[in-house]
Engineer: 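My questions all concern the structure below.
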Amino acid sequence: MTTPPKARRYHVSVSESVQPVTLRHGPRTEPPKAPTEGKDARLAKFLATGPVDDGFGDLNLNRPANAGPAEPDAAPSDAAPPDAAPSDAAPPMDAKMQEKLAAIHAEKLTDRQLRIARRIATLHKIDAASGEEAVLRLREKGIDPAHRNAVGSILSSEGSSAQAAPSPDAPALRPPPVPSIVPERAPGPRPALPSREDLTEEKRAAEIYRIQRDLARRRRRRLAMLSLRLLAFVLIPTMLVGWYYFRIATPLYATESQFQIQSADSGGGGGGLGAVLGGAGMATNQDAVAVQSYLTSRDAMLRLDAEHGFRRAFQDPAADVIKRLPADATNEATFSLYRNSVKIGYDPTEGVLNMEVIAPDPRLSEQFSRALISYAEDLVDALTARMRSDQMDGARETYEDAEAKMLAAQIRVQELQERLGVLDPVAESSVVMGQVSALEGQLTEKQLELGQLLANPRPVQSRVDAVRGDITRLRELIAETRLQLTQGSDTRSSLAAIGGELRVAEAELATRQEMLAAAAAQMEAARIEANKQVRYLSLSIAPIPPDEATYPKAFQNTLVAFLLFGGIYLMLSLTASILREQVST
């Protein structure tokens, strides 16, 4: 990208300029004669390319090297005849005038201020031999040459004189010599500006044609430079990249596969933490991210290299220089190539893992893919194995402890029964109470019989005494039988003590049995929960070796390289254009 040149406005004619200069006409170069009639004459007039007069002749606008500082005040060559008499020179100044000029000189006015003062003096028709004298004459008439309105009056008067310039047919009237307000330059060649009076139709057509040819030449040169830059910075690099991809690059084969991680309780049923994680899908998402991180790690690369020779597959001398690993390749270089060869992506919306394995041989590509899938299965099993083991170990320990304590309680009850000789204290107490009840029934019958005998006016004393003896013996037997329930003998304890010990032992046994049942239920729940935590890989797309090369994609890569080089060139061109414009302004 180029910035169009900016040209400052200039005046075609000397009479239109605000800084008129002295013209010295010399011999002019006549334009070539052209036909004066017909279409050929008009065409020759338009296409005239011979020497063209610029309207200045042999005029030299440069200030002569030997000219003094008072040259701007010099009159034109045609204004002062060469045979002028010495009496026309300015009379010498008096001492008072010299003092005033010295005072103005002491003000140290700049050259520009002095030139403006001389021009203002010329506009007011005041003769001055130097800038200091012009300042003095203007101040005597009440004009301040340093005021802004004075400079404006110069511009307005020069513009009016330019508009009132005579036609080309009228005799040329040269303006009076006015000092220039432009800073003086060193002597040297200056471009000659054409004069409006001498610019005919033929010359105008020739100038227009010359300008058109110059513009066309510049345009062709710019287009040529642009073509060279595009060829050097865009086309040649793109051709080199395309040559590499089409001719040099080693064909690579990609095997694609897809799998997902599922849990045993995929329906999300049940309670507890496993149900929450299973229902939300967070557990499988975490496992999928862990599997993706592992398969793209150095550990998986080293394992694949040790078991299937991943590094050796890319050290084949038949591979191109860019893809081939050196014989002494480090783990970092191998890992960099591994990350470019094994591409794994996880889709959280579907919960699937897409894996692409690239290798120089299709069978190696399939082999590497299946090996990585097996590594992923081992990792998933290891991720949940510890959790399942912790849950089952705790439940198993609780069950074993409850079972041991229940057995101890059962042994204690058995020992009490053997030691006390009572199988069931409740049954023993029932037997004793049955005996007491039977004895009390007999006692009641004897008491009734005694009452019946005593009711006779003349009872038989022997029978009364016998019945009374039976009643006494029954009462003693009932008392002894009751003592068996509350008081023990020398050989055994009472039934109450035996029953109490046995009831305590049996209660402890019942408690241990309940605890054992609860531990068994807890272990079963832990086993179910551990089964829910099981993760396994479900292979959606099995790895199948391709029958043709997948990479490199020569056309797409070449197109990307072209766009990349084109973008870089465009950015550099814009930056250079902006910097060039900033420097020029």
Engineer: Strictly below 4.0 Å, N to O, side chains only: are Asp401 and Lys405 in salt-bridge contact?
Structural biologist: yes
Engineer: Do the non-hydrogen side-chain atoms of Lys323 and Ile358 ever get within less than 4.5 Å of each other?
Structural biologist: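 SC-SC contact between Lys323 and Ile358 ruled out.
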Engineer: Ion pair present between Asp214 and Arg210, side-chain N to carboxylate O less than 4.0 angstrom?
Structural biologist: no
Engineer: Going by an N to O cut-off under 4.0 Å, is there a salt bridge joining Glu332 and Arg298?
Structural biologist: yes
Engineer: Between Phe314 and Phe310, does the ring centre distance come in under 6.0 Å?
Structural biologist: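 Yes, they do, as the ring centres are separated by less than 6.0 Å.
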Engineer: So, does Thr334 use its side chain to make a donor-acceptor pair with the main chain of Thr330 at under 3.5 Å?
Structural biologist: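 The answer is yes, because a donor-acceptor pair under 3.5 Å joins these two groups.
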Engineer: Between Glu440 (side chain) and Ile478 (backbone), is there a donor-acceptor pair under 3.5 Å?
Structural biologist: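 No.
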Engineer: Indicate yes or no: at least one non-hydrogen side-chain atom of Ile322 is less than 4.5 angstrom from one of Tyr244.
Structural biologist: yes
Engineer: Take Gln447 and Ile471, measure what side chain to side chain contact (heavy atoms under 4.5 Å, CB included) needs, and give me the verdict at the end.
Structural biologist: CA-CA 7 Å; Gln447 288 177 352; Ile471 291 173; 3.8 Å; yes
Engineer: Give, for atom CD1 of Ile261 and atom CD of Gln286, the distance between the pair rounded to the nearest 0.5 Å.
Structural biologist: 11.0 Å
Engineer: Please confirm whether Tyr294 and Tyr375 have ring centers closer than 6.0 angstrom.
Structural biologist: no
Engineer: Answer whether the closest heavy-atom distance between the side chains of Phe562 and Leu235 falls below 4.5 Å.
Structural biologist: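 A side-chain contact exists here, since the closest heavy-atom pair is under 4.5 Å.
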Engineer: Does any non-hydrogen side-chain atom of Thr250 lie less than 4.5 Å from one of Arg324?
Structural biologist: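 When only atoms from C-beta onward are counted, Thr250 and Arg324 do not touch, as no gap falls below 4.5 Å.
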Engineer: With no hydrogens and no angle check, is any side-chain donor or acceptor of Ser369 less than 3.5 Å from a backbone partner on Ser365?
Structural biologist: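 Here the side-chain-to-backbone pair does not exist.
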Engineer: Apply the test side chain to side chain contact (heavy atoms under 4.5 Å, CB included) to residues Gln212 and Leu215: give CA-CA distance (whole Å), side-chain angles for both, the deciding distance (0.1 Å), then the verdict.
Structural biologist: CA-CA 5 Å; Gln212 289 177 348; Leu215 292 177; 5.7 Å; no
Engineer: Step by step, would you call Glu400 with Arg396 a salt bridge (Lys or Arg N to Asp or Glu O under 4.0 Å)?
Structural biologist: CA-CA 6 Å; Glu400 291 176 355; Arg396 189 178 295 108; 5.2 Å; no
Engineer: Is there a side-chain contact between Leu325 and Arg311, using heavy atoms and a 4.5 Å cut-off?
Structural biologist: yes
Engineer: With a 4.5 Å limit on heavy-atom distance, are the side chains of Thr550 and Leu252 in contact?
Structural biologist: no
Engineer: Mark yes when over 12 heavy atoms from residues, nucleotides or ligands other than Phe233 sit less than 6.0 Å from its CZ; otherwise mark no.
Structural biologist: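 Result for CZ/Phe233: open.
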Engineer: Can you check whether Leu448 reaches Gln452 side chain to side chain, under 4.5 Å on heavy atoms?
Structural biologist: no
Engineer: Got Arg468 and Leu454 here, is their nearest side-chain heavy-atom distance under 4.5 Å?
Structural biologist: yes
